[in-house]
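Below is one structure; the comments refer to it alone.
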Amino acid sequence: MTLKALAPSLLLLALAASPALGQEAEVTDCDRLAAAPLDPGSITVGIPTAALDVAAAKSACLAAIEQAPDNPRLLFQMGRLLDISDADEEAVAYYRRAVGHAYPAAYTNLAYQYDNGHGVREDVDEAVRLLRLAVERGDPTAHFNLGYLHKVGRGVARDIDAAARLFEVAAEGGHMPALHDLALIRYEQAQSPESQAAVLAMFRRAAEAGVPGAIYMVGYMLAEGEGAEQDLAGALARYTEAAELGHGRSAYALGEAYESGVGVSEDAAQALVWYRKAADLGHVDAINAVGYAYDHGLGVERDLDEAVRWYARAAELGDPWGMSNLGGAYTVGWGETGIDYALGRYWLLRAVDAGNAAANRRLSDIYNKGLGVERNDVTAATFARAAAEGGDTVGMNNYGVMLQRGTGVAQDLAEGLRWLEKAAELDEPLAFYNIGYAYREGLGVEVDMQKAREWLQRAADADIAEAREWLAANPVQ
């Protein structure tokens, strides 16, 4: 999440320090139609962004400002309307006039414009300066925004403790997204059931105020049994509530639940419905998941061309799995996607840089088989080891076999068997077969035909053809 992504919240929740800031408190139509809900400088309840009649509000504010051209409350409200309308340069002019009267909310929104380069040249230092002035004047939204900058280390030193202090002040001022972010920090710090329960209570408060991320976190903690008894039904209800508010991670969580059958009956088609919704909301993992569904025919007829389109979309958005899967598609050639080894390596190398273990394994296969490159066992083993160390179970199996054979690496039967066993512990069928083979041939262990047969049977049960064939050719005497 970036500060820019918080734009609706910043505009909606911009606050001021005192009801009228020295102005006479005469309610105008501008106040009735354009005031921000949580602006303490406002003298009306305020209108949420989504409910604004922008044209009518602009007309009312222009008329009010004509009568009181130096009223900072009215200037700020007019700036807010222009901001929402993407008339950024005009919005900046009104915010600056309100800042000239020391109206705290105007400092905050002007800081946002500088931080994102809206209507002005991007200037993070100026954004920080304005936010600090707004903080000094007691604006809770400024506390939230400056806290966020400390959280991510943008324009200021990354300082989680400073962020937490700022979020706490903002939350005390009624800023519920700040309470959510504070709870996220406390969640990472929670070490006991009591502290987890306190964090859950914080998330519940923010959730009751309609903060989608907090609703999701209530669901997540209920699903994990953190801070309360595990409640899968309650978790799914919270995910559904947040997803309906446009929270992509919640929609993705529902897709995961239906795919795995956790808390609901396993249903690949319903999982795909939620993955699509999450993808429409911009959740990049969901975009890859839709591609995976088409790739494997999960809840939909298998369509490799459609899978590639979704993988490409995820890859372009920087998703490591999307990059890895797209690289695999170019390496093998799926549907209308022809083989292009160079392009495949490009995407796989990007995925490796993003930490995707499967991409290391795919690159190992490329160098092991000489696909578009000169065959190189040492390079293949290097990538296989990276895949194994990254947790890819097929990579663990492949590296274990390379160690046992001495392919591209010094032969080490015991170390090879260790990697095979590690993969087997994670239910990798190929490892079942290779451990059985090791016991059959005495690779790193004494020959033990009973154990060999047990492992090969596990491999056969997992649909490894070579294991079935050996067992059929070597029945128990």
Between Arg238 and Glu241 (salt bridge meaning N to carboxylate O under 4.0 Å), is one present in this structure?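 Yes, charged N to carboxylate O under 4.0 Å.
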Between Asp83 and Arg80, does any side-chain N to carboxylate O distance fall below 4.0 Å?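 Answer for the salt bridge query: no.
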Pair [X], [Y]: side-chain N/O donor-acceptor within cut-off below 3.5 Å:
X: Lys58; Y: Ser85; value: yes
X: Tyr399; Y: Glu389; value: no
X: Asp285; Y: Tyr252; value: no

Ring centres under 6.0 Å, that's the criterion: do Tyr341 and Tyr330 meet it?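 Tyr341 vs Tyr330: aromatic centres not under 6.0 Å.
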Tell me, with the steps shown, if Thr379 and Asn376 meet side chain to side chain donor-acceptor pair (under 3.5 Å). CA-CA 5 Å; Thr379 301; Asn376 189 317; 3.3 Å; yes
Name the one of Asp31, Leu33, Leu81, Leu74 that satisfies side-chain contact (heavy atoms from CB on, under 4.5 Å) with Cys61?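 Exactly one pass, corresponding to Leu81.
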Which atom of [X] lies closest to which atom of [Y], heavy atoms considered:
X: Ala359; Y: Leu348; result: CB-O, 3.6 Å
X: Arg313; Y: Ala279; result: NH2-O, 3.4 Å
X: Gly327; Y: Thr331; result: O-OG1, 2.8 Å
X: Ala91; Y: Gly79; result: CB-O, 3.6 Å
X: Leu363; Y: Val352; result: CD1-CG2, 3.6 Å
X: Leu245; Y: Ile215; result: CD1-CD1, 3.6 Å

Under the salt bridge (charged side-chain N to carboxylate O under 4.0 Å, His left out) rule, what pairs show up with a residue in residues 117-135, not counting sequence neighbours?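 Every salt bridge (charged side-chain N to carboxylate O under 4.0 Å, His left out) pair that includes a residue of residues 117-135, provided the two are not neighbours, is Arg121-Asp123, Glu122-Arg154, Glu126-Arg129.
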Parallel, tilted or perpendicular: which fits the ring planes of Tyr367 and Phe383, with parallel below 30° and perpendicular above 60°?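 Plane angle under 30°, so parallel.
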Counting C-beta onward and ignoring hydrogens, is there a side-chain heavy-atom pair between [X] and [Y] closer than 4.5 Å?
X: Trp334; Y: Asp295; answer: yes
X: Met396; Y: Glu428; answer: no
X: Val332; Y: Ile339; answer: no
X: Glu259; Y: Tyr275; answer: yes

Passing option when Tyr216 is tested against His247, His180, His283 for ring-ring contact (aromatic ring centres under 6.0 Å, His included):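 Testing each of His247, His180, His283 against Tyr216, the sole residue satisfying ring-ring contact (aromatic ring centres under 6.0 Å, His included) is His247.
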Above 12 or not: heavy atoms from other molecules or residues under 6.0 Å from [atom1] of [X]?
X: Arg205; atom1: CZ; value: no
X: Tyr294; atom1: OH; value: yes
X: Glu172; atom1: CD; value: yes
X: Arg385; atom1: CZ; value: no

Test your reading of the model: is there a side-chain donor-acceptor pair from Thr382 to the backbone of Val378, 3.5 Å cut-off?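 Yes, because the side chain of Thr382 sits within donor-acceptor range (under 3.5 Å) of the backbone of Val378.
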Nearest 0.5 Å, what's the NE2-CZ distance between His101 and Arg73?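 So the NE2 of His101 and the CZ of Arg73 are separated by 12.5 Å.
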